[in-house]
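Worksheet: one structure, shown below.
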Amino acid sequence: MTGRNTFVRSLHDLGLAVWSGGALMGAVGLNGSAATAKNPRERVALASEGWKRWAPVQVAALVAHGVGGAGLILGNKARLAGQPEGRANTIVKLALTGVAAGTTLYSGILGKKMAEHFGEPTDGTTEAGAGTSAEVEALQRRQRVMQWVTPAVTAVLIVLAAQQGEQQRPVVGLLARFTPHSR
(Lines give C-alpha, C1' and ligand atoms only; values in the text may rest on other atoms or scores of the structure.)
Protein backbone atom coordinates (compact mmCIF):
# COMPACT_ATOMS: atom_id res chain seq x y z
CA MET A 1 0.00 0.00 0.00
CA THR A 2 1.61 3.24 -1.09
CA GLY A 3 -0.90 5.82 0.16
CA ARG A 4 -3.18 6.45 3.06
CA ASN A 5 -6.86 5.66 2.91
CA THR A 6 -7.89 7.29 6.19
CA PHE A 7 -11.17 8.77 4.94
CA VAL A 8 -12.50 5.64 3.22
CA ARG A 9 -11.19 3.39 6.00
CA SER A 10 -13.04 5.58 8.51
CA LEU A 11 -16.25 5.36 6.46
CA HIS A 12 -15.83 1.58 6.26
CA ASP A 13 -15.08 1.08 9.95
CA LEU A 14 -17.51 3.61 11.43
CA GLY A 15 -20.30 2.43 9.16
CA LEU A 16 -19.71 -1.17 10.20
CA ALA A 17 -19.47 -0.24 13.88
CA VAL A 18 -22.77 1.66 13.81
CA TRP A 19 -24.46 -1.09 11.80
CA SER A 20 -23.27 -3.88 14.08
CA GLY A 21 -23.72 -2.01 17.34
CA GLY A 22 -27.15 -0.73 16.38
CA ALA A 23 -28.37 -4.18 15.43
CA LEU A 24 -27.09 -5.67 18.69
CA MET A 25 -28.49 -2.84 20.83
CA GLY A 26 -31.82 -3.20 19.07
CA ALA A 27 -32.04 -6.91 19.76
CA VAL A 28 -30.91 -6.62 23.38
CA GLY A 29 -31.98 -3.15 24.48
CA LEU A 30 -34.88 -2.03 22.32
CA ASN A 31 -36.68 -5.33 21.86
CA GLY A 32 -35.89 -6.34 25.43
CA SER A 33 -37.20 -3.15 27.01
CA ALA A 34 -40.32 -3.07 24.82
CA ALA A 35 -41.17 -6.47 26.33
CA THR A 36 -41.42 -4.84 29.76
CA ALA A 37 -44.29 -2.52 28.78
CA LYS A 38 -47.19 -3.07 31.17
CA ASN A 39 -49.75 -3.17 28.39
CA PRO A 40 -49.14 -6.26 26.20
CA ARG A 41 -50.82 -4.45 23.29
CA GLU A 42 -48.09 -1.75 23.29
CA ARG A 43 -45.02 -4.02 23.13
CA VAL A 44 -44.71 -4.44 19.37
CA ALA A 45 -45.72 -0.81 18.81
CA LEU A 46 -42.97 0.48 21.11
CA ALA A 47 -40.28 -1.65 19.47
CA SER A 48 -41.55 -0.72 16.01
CA GLU A 49 -41.37 2.99 16.81
CA GLY A 50 -37.80 2.63 18.04
CA TRP A 51 -36.72 0.69 14.96
CA LYS A 52 -38.48 3.24 12.72
CA ARG A 53 -36.47 6.03 14.34
CA TRP A 54 -33.24 4.03 13.97
CA ALA A 55 -33.80 3.11 10.30
CA PRO A 56 -32.30 6.30 8.75
CA VAL A 57 -29.16 5.92 10.87
CA GLN A 58 -28.93 2.25 9.90
CA VAL A 59 -29.22 3.12 6.20
CA ALA A 60 -26.54 5.82 6.55
CA ALA A 61 -24.25 3.30 8.29
CA LEU A 62 -24.76 0.76 5.50
CA VAL A 63 -24.02 3.38 2.84
CA ALA A 64 -20.93 4.63 4.68
CA HIS A 65 -19.64 1.08 5.07
CA GLY A 66 -20.28 0.30 1.41
CA VAL A 67 -18.63 3.48 0.12
CA GLY A 68 -15.69 2.95 2.46
CA GLY A 69 -15.34 -0.67 1.41
CA ALA A 70 -15.39 0.20 -2.28
CA GLY A 71 -12.81 2.93 -1.65
CA LEU A 72 -10.54 0.50 0.17
CA ILE A 73 -10.77 -2.02 -2.65
CA LEU A 74 -9.89 0.66 -5.21
CA GLY A 75 -7.10 2.05 -3.04
CA ASN A 76 -5.59 -1.40 -2.51
CA LYS A 77 -6.15 -3.00 -5.92
CA ALA A 78 -2.43 -3.51 -6.56
CA ARG A 79 -1.91 -5.16 -3.18
CA LEU A 80 -4.98 -7.33 -3.65
CA ALA A 81 -3.78 -8.41 -7.09
CA GLY A 82 -0.52 -9.68 -5.61
CA GLN A 83 -1.73 -10.92 -2.24
CA PRO A 84 -3.97 -14.01 -2.51
CA GLU A 85 -4.90 -14.01 1.19
CA GLY A 86 -5.95 -10.36 1.00
CA ARG A 87 -7.99 -11.08 -2.11
CA ALA A 88 -9.68 -14.08 -0.43
CA ASN A 89 -10.49 -11.99 2.65
CA THR A 90 -12.02 -9.28 0.44
CA ILE A 91 -14.17 -11.79 -1.43
CA VAL A 92 -15.44 -13.32 1.82
CA LYS A 93 -16.12 -9.84 3.23
CA LEU A 94 -18.06 -8.85 0.11
CA ALA A 95 -20.19 -11.98 0.34
CA LEU A 96 -20.84 -11.55 4.07
CA THR A 97 -21.63 -7.86 3.60
CA GLY A 98 -24.30 -8.91 1.11
CA VAL A 99 -25.64 -11.47 3.60
CA ALA A 100 -25.72 -8.88 6.42
CA ALA A 101 -27.44 -6.33 4.18
CA GLY A 102 -30.00 -8.98 3.24
CA THR A 103 -30.65 -9.94 6.87
CA THR A 104 -30.96 -6.27 7.81
CA LEU A 105 -33.50 -5.72 5.04
CA TYR A 106 -35.43 -8.89 5.88
CA SER A 107 -35.56 -7.96 9.58
CA GLY A 108 -36.90 -4.55 8.60
CA ILE A 109 -39.59 -6.14 6.43
CA LEU A 110 -40.59 -8.47 9.26
CA GLY A 111 -40.70 -5.57 11.68
CA LYS A 112 -42.87 -3.51 9.33
CA LYS A 113 -45.31 -6.40 8.96
CA MET A 114 -45.40 -6.86 12.73
CA ALA A 115 -46.07 -3.12 13.19
CA GLU A 116 -49.19 -3.45 11.03
CA HIS A 117 -50.62 -5.56 13.89
CA PHE A 118 -49.70 -3.05 16.62
CA GLY A 119 -52.75 -3.66 18.78
CA GLU A 120 -52.26 -7.38 19.31
CA PRO A 121 -51.16 -8.54 22.74
CA THR A 122 -47.71 -10.14 22.92
CA ASP A 123 -45.32 -11.22 25.65
CA GLY A 124 -42.52 -9.37 23.87
CA THR A 125 -41.40 -8.04 20.53
CA THR A 126 -40.43 -11.51 19.39
CA GLU A 127 -42.53 -13.60 21.79
CA ALA A 128 -46.20 -14.36 21.25
CA GLY A 129 -48.66 -14.16 24.09
CA ALA A 130 -52.23 -15.08 24.83
CA GLY A 131 -54.32 -13.61 22.04
CA THR A 132 -51.47 -13.17 19.54
CA SER A 133 -52.63 -14.14 16.05
CA ALA A 134 -50.96 -16.98 14.18
CA GLU A 135 -49.74 -14.50 11.58
CA VAL A 136 -47.94 -12.29 14.12
CA GLU A 137 -46.59 -15.33 15.95
CA ALA A 138 -45.05 -16.57 12.68
CA LEU A 139 -43.48 -13.15 12.06
CA GLN A 140 -42.16 -13.06 15.62
CA ARG A 141 -40.66 -16.52 15.30
CA ARG A 142 -38.68 -15.43 12.21
CA GLN A 143 -37.70 -12.13 13.80
CA ARG A 144 -36.50 -13.91 16.96
CA VAL A 145 -33.85 -15.59 14.80
CA MET A 146 -33.12 -12.70 12.45
CA GLN A 147 -32.47 -10.19 15.25
CA TRP A 148 -29.32 -12.18 16.11
CA VAL A 149 -28.13 -12.99 12.58
CA THR A 150 -27.19 -9.41 11.62
CA PRO A 151 -25.09 -8.75 14.75
CA ALA A 152 -23.39 -12.13 14.33
CA VAL A 153 -22.52 -11.60 10.66
CA THR A 154 -21.38 -8.01 11.22
CA ALA A 155 -19.19 -9.21 14.10
CA VAL A 156 -17.49 -11.60 11.67
CA LEU A 157 -17.02 -8.66 9.28
CA ILE A 158 -15.29 -6.71 12.06
CA VAL A 159 -12.90 -9.62 12.63
CA LEU A 160 -12.19 -9.89 8.89
CA ALA A 161 -11.53 -6.14 8.71
CA ALA A 162 -9.03 -6.48 11.55
CA GLN A 163 -7.41 -9.37 9.70
CA GLN A 164 -7.10 -7.22 6.59
CA GLY A 165 -5.44 -4.50 8.62
CA GLU A 166 -2.87 -7.06 9.76
CA GLN A 167 -2.31 -8.19 6.17
CA GLN A 168 -1.41 -4.62 5.21
CA ARG A 169 1.36 -4.29 7.77
CA PRO A 170 4.82 -4.17 6.21
CA VAL A 171 7.35 -6.81 7.20
CA VAL A 172 10.15 -4.94 8.98
CA GLY A 173 13.04 -5.46 11.32
CA LEU A 174 14.48 -8.83 12.24
CA LEU A 175 11.70 -10.77 10.56
CA ALA A 176 12.48 -9.09 7.23
CA ARG A 177 15.97 -10.60 7.24
CA PHE A 178 14.54 -14.10 7.31
CA THR A 179 11.86 -13.79 4.65
CA PRO A 180 12.50 -15.03 1.11
CA HIS A 181 11.73 -11.55 -0.29
CA SER A 182 14.63 -9.87 1.51
CA ARG A 183 17.42 -12.18 0.30
Side-chain angles (χ1 to χ4, degrees), residues 8-70 72 89-164:
V8 293
R9 184 177 304 280
S10 296
L11 283 176
H12 173 272
D13 292 354
L14 287 171
L16 183 55
V18 170
W19 183 11
S20 182
L24 184 59
M25 195 292 282
V28 174
L30 182 58
N31 290 350
S33 43
T36 67
K38 291 190 189 297
N39 184 342
R41 295 183 183 277
E42 293 179 341
R43 292 175 181 152
V44 169
L46 287 170
S48 297
E49 180 62 25
W51 281 111
K52 184 173 100 180
R53 291 174 184 225
W54 177 251
V57 176
Q58 189 83 317
V59 169
L62 277 134
V63 170
H65 177 68
V67 169
L72 286 173
N89 179 297
T90 299
I91 291 167
V92 170
K93 275 182 60 188
L94 279 169
L96 288 177
T97 299
V99 168
T103 63
T104 300
L105 177 62
Y106 185 56
S107 287
I109 290 168
L110 290 172
K112 188 169 171 61
K113 288 180 180 181
M114 287 167 47
E116 293 169 1
H117 300 272
F118 65 90
E120 289 192 33
T122 63
D123 283 350
T125 305
T126 60
E127 296 80 25
T132 304
S133 69
E135 181 181 359
V136 171
E137 187 174 356
L139 292 167
Q140 288 177 308
R141 193 170 36 253
R142 284 184 239 140
Q143 189 72 290
R144 191 168 36 251
V145 173
M146 295 310 298
Q147 72 179 347
W148 300 110
V149 174
T150 300
V153 175
T154 54
V156 172
L157 286 169
I158 290 169
V159 171
L160 290 172
Q163 181 187 37
Q164 274 189 329

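Predicted model, so just to flag it, every value in this text is computed and none were measured.
The heavy-atom pair separating A128 from D123 by the smallest distance is O-OD2, 3.2 Å. Shown here for G68 and L11, the closest heavy-atom pair between the two residues is CA-CB, 3.9 Å. Here the shortest heavy-atom pairing between W54 and G22 reads CZ2-CA, 3.6 Å. H12 approaches G69 most closely through the heavy-atom pair CD2-CA, 3.7 Å. Closest of all the heavy-atom pairs between R41 and G119 is NH1-O, 2.8 Å. Taking both residues in full, the closest heavy atoms of T150 and A100 are given as OG1-O, 4.2 Å, listed atom of the first, atom of the second, then distance.
Residue N31 holds its CG atom at 11.0 Å from CG of L46, rounded to the nearest 0.5 Å. Between atom CZ of residue R43 and atom CD of residue Q140 there is a gap of 11.0 Å, rounded to the nearest 0.5 Å. Here the straight-line distance linking atom OG1 of T122 with atom CD of E137 works out to 11.0 Å at 0.5 Å rounding. For the atom pair CG of L94 and CG of L157, the computed distance is 9.5 Å after rounding to the nearest 0.5 Å. How far CG of L30 is from CZ of R53: 10.5 Å, rounded to the nearest 0.5 Å. Rounding to the nearest 0.5 Å places CD1 of I158 at 10.5 Å from CH2 of W19.
Within the 3.5 Å criterion, the main-chain N or O of P121 finds a donor-acceptor partner in the side chain of T132. Remark: the backbone N or O of L160 is paired with a side-chain donor or acceptor of N89 at under 3.5 angstrom.
Residues satisfying the side chain to side chain donor-acceptor pair (under 3.5 Å) criterion with T125, sequence neighbours excluded, are absent altogether. Residues passing the salt bridge (Lys or Arg N to Asp or Glu O under 4.0 Å) test with E42, sequence neighbours excluded: none. Legend: residues meeting side-chain contact (heavy atoms from CB on, under 4.5 Å) with D13, ordered by chain and number and at least two apart, are R9. By the side chain to side chain donor-acceptor pair (under 3.5 Å) test, T154 pairs with S20, sequence neighbours left out.
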Discussion item. If you apply the rule side-chain contact (heavy atoms from CB on, under 4.5 Å), what do you find for L139 with Q143, and how did you get there?
Written reply: CA-CA 6 Å; L139 292 167; Q143 189 72 290; over 6 Å; no
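No side-chain donor-acceptor contact under 3.5 Å links S107 and Q147.
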Validation: residues 110-118 side-chain donor-acceptor distances under 3.5 Å, sequence neighbours left out:
from: H117; atom 1: ND1; to: E120; atom 2: OE2; distance (Å): 3.3
from: H117; atom 1: NE2; to: E135; atom 2: OE2; distance (Å): 3.4

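For residues 59-69, no pair satisfies side chain to side chain donor-acceptor pair (under 3.5 Å), with sequence neighbours left out.
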